[in-house]
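First comes the structure, then the notes that go with it.
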Amino acid sequence: MTTTLKRMSALVFASAMSLAVVSLAMVSSRAMANGEIGDHVNNLHAHISEYTEEVHWLESKFGSVVDAYAAKDKSLKTDALIEYWEEVEFHSAIETQFVPIYASIWQGIYGVKMAIDGGKSLSEVRKEQENLNHALWQALGAVKLAAQYQKKGLVDVVKTTEKEPTTGPEVIDDIKTRLDRVVAKYAEQLHEVATTLVHDTYLQRFEGVEGDLIAKDAALVEDLEKDFNVTLPQAISKNKGVDSVRAVVETMQTKLDRARALLVEAEKSRKDVF
Amino acid sequence: MQRRTFLQGLAAAGALGSMPFGALQAMTQTGSVSVETLPKLEGDLTLYLGRGEGGLYENVLKAIEKRNPKLNLKVRRGGSAALANTIVAETKAGVKRADLFWAVDTGSIGVVTDAGAAKPLPADLTAQLKDGFQYSSWSPVTGRVRTLPYNTKRVSEQQIPDSVMALADSDLKIGWAPAYSSFQSFVTAMRILEGEAATKSWLKGINRNSKKYAGELGVVMGVERGEVDIGFANHYYTLRLKSGKPDANVALAYTNNDAGCLVNASGIVALSEGSLPANFIRYLLSTEVQAYLAREAYEIPLVQGVDQPQGLVSLSDLSPPDMDLRKLADLRPTLNMMRDVGVL
């Protein structure tokens with residue numbers, strides 16, 4: 001227990017440190033969550049103890065699956081890993097607050113599942129289990145931090161309807177969040193959904209800002225066009241793995257940061273309508 | 001006659017007494033007018049706004065709100081097609097939530113006008129628009145023309161046929177974006193103008209010597225890189241590329257009196273009676289808004305007397321086909337045909 005608490009503290013601290021840098025991303029994902037949107041995502045603070053219990057429960061349940069594998073239990077069904085994850089309310093709490101870690105949890109779940117289904121050695125399965133547990137605790141840290149932001153009124157209320165971005169920089173922020181979701185859907189093994197999301201993000205979001213961007217940096221737009229239409233869809237269709245898809249997305253997000261700065265600059269230099 | 005008709009309309013609306021003289025004068029002219037002469041907007045308006053052009057439409061709305069502090073403008077945003085369907089559903093249910101619908105494409109406008117949800121616009125308002133763009137139940141705002149961007153290192157303008165249909169028989173390597181909505185509207189125009197068989201045959205012909213791109217900016221950039229000789233795209237992608245990269249190896253060619261030089265438009269529909277929605281539309285047709293959208297978004301002003309974006313031939317020198325743009329709403333047969341041919 002002490003070890004668990006220490007580990008949890010360390011992970012929460014690490015999460016908090018990294019999340020402080022990316023806190024803006026938390027004012028974000030919204031709307032597209034699979035789970036139900038209710039008090040458990042809009043009043044996180046009141047639910048932190050439940051979430052902590054759920055993470056302990058998940059760790060134990062995932063552990064029992066791996067233990068059954070170690071015991072060569074013939075009745076073992078790895079789909080249980082997914083069922084456990086879908087059962088907890090913590091699921092939508094992290095999904096609505098910090099999609100990149102949500103993706104890591106799915107990656108971890110499928111890491112364990114595929115290692116068992118593929119008959120890998122117990123040490124390899126245990127390594128995947130460790131990654132999964134790490135992601136869970138990191139997610140709890142993220143949700144705790146989000147709860148603090150929420151309490152201070154620094155994050156928007158999560159709604160079931162998606163809020164349309166209205167300015168170029170807002171569109172870029174939205175694109176970055178959608179790309180995080182692409183990784184999550186890919187990690188969830190929903191490859192078609194991930195591909196459709198890339199396509200929709202390109203047509204419904206990027207196309208609206210690329211006109212302004214091309215006059216500022218044609219090479220950047222050309223690069224992102226290729227990323228949206230070739231590199232990322234291919235990384236998904238060729239099933240290159242979550243880390244590869246995430247790497248493509250992170251590279252795109254860096255380029256999008258540059259695009260955002262250009263759009264801010266463009267808006268500043270624009271003449272008034274009247 | 002037009003002035004008399006307009007004044008009768010105003011009297012019927014009970015709005016005459018509230019109009020400043022400048023507004024009256026401005027509203028009886030044809031051509032663009034300055035916002036300085038337009039009536040102040042007061043009251044509640046709900047606008048359904050189809051997404052497009054990044055934040056430029058939003059900037060226009062903010063400027064209108066700033067100029068009219070007594071206007072309480074509520075905006076619902078979404079894809080044009082989705083909002084059009086919402087309006088139709090609301091109309092059928094007898095629930096009116098929107099007073100105006102500003103869409104980026106005429107297909108969505110057609111869906112709304114066909115459902116009988118549009119209210120007639122004052123004749124003097126539609127008279128401000130250029131010939132060929134005057135409609136009684138909706139107003140175009142700005143236009144975009146279909147063009148043939150070509151690589152200036154690989155092709156000379158003389159090699160490019162002035163008939164879009166002839167391109168299917170040429171040896172030119174062509175870039176296109178069949179999944180792109182503007183391209184599908186263009187094929188719809190071709191289907192209406194040239195017929196099903198000719199359009200099907202054209203699609204097959206182009207498909208033989210083409211390279212697909214996801215969007216039309218991709219087409220223009222593919223042309224510029226020399227991956228293809230020529231492409232199909234709306235005009236503004238090339239103008240924007242040239243503004244950021246003046247030495248880009250791309251120029252625009254135009255076809256003659258066919259779907260290849262179709263001028264499509266963004267447009268607005270009044271869904272409520274009364275002077276407020278119509279007067280809101282007058283702001284979009286003002287000299288300032290038209291010039292802003294031409295300058296910042298390279299869109300074509302469709303009101304008389306406003307300059308076009310630089311680098312585009314004059315609208316009067318183009319010969320777009322004569323067709324009711326709302327017919328472009330009839331997209332389903334086009335998509336079926338494109339699937340049959342295997343280009344989608």
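Numbered from 1 within each chain, the chains take letters A, B, ... in sequence-line order. Note: hydrogens, waters and symmetry copies are ignored here, and every other heavy atom, side chains too, is used.
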B:Gln290 side-chain N/O to B:Leu302 backbone N/O, donor-acceptor pair under 3.5 Å: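 The answer is yes, because a donor-acceptor pair under 3.5 Å joins these two groups.
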
Salt bridge flag under 4.0 Å for residues [X] and [Y]:
X	Y	value
A:Asp180	A:Lys176	no
A:Arg270	A:Glu267	yes
B:Glu42	B:Lys40	no

CG (A:Asn239) with more than 12 external heavy atoms under 6.0 Å: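 Yes, enclosed.
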
B:Arg77 atom CZ: more than 12 heavy-atom contacts under 6.0 Å: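 Yes - once you tally the heavy atoms of other residues, nucleotides and ligands closer than 6.0 Å, there are more than 12.
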
Contacting moiety of [X], where chain B heavy atoms sit under 4.5 Å:
X	value
A:Lys226	neither
A:Asp217	neither
A:Glu225	side chain
A:Leu263	neither
A:Phe228	neither

Plane angle bin for A:Trp85 and A:Phe90 - parallel if under 30°, tilted between 30 and 60°, otherwise perpendicular: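 Geometry flag for A:Trp85 against A:Phe90: perpendicular rings.
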
B:Tyr180 and A:Glu207 side chains, donor-acceptor separation under 3.5 Å: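 Present: a donor and an acceptor within the cut-off.
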
Please state whether the side chain, the backbone, both or neither of [X] comes within less than 4.5 Å of a heavy atom of chain A.
X	answer
B:Lys242	neither
B:Ser286	side chain
B:Arg76	neither
B:Glu216	backbone

Residue selection (most heavy-atom pairs with chain B, distance under 4.5 Å) from A:Ala215, A:Ala218, A:Pro169: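 So the answer, after comparing A:Ala215, A:Ala218, A:Pro169, is A:Ala215.
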
Max heavy-atom pair count under 4.5 Å with chain A, selected residue of [options]:
options	answer
B:Gly218, B:Gly79, B:Ala248, B:Ala291	B:Gly218
B:Leu293, B:Leu217, B:Val35	B:Leu217
B:Leu239, B:Leu241, B:Leu61, B:Leu49	B:Leu241

B:Phe280 ring center near B:Tyr283 ring center (under 6.0 Å):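 No, they do not, as the ring centres are separated by 6.0 Å or more.
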
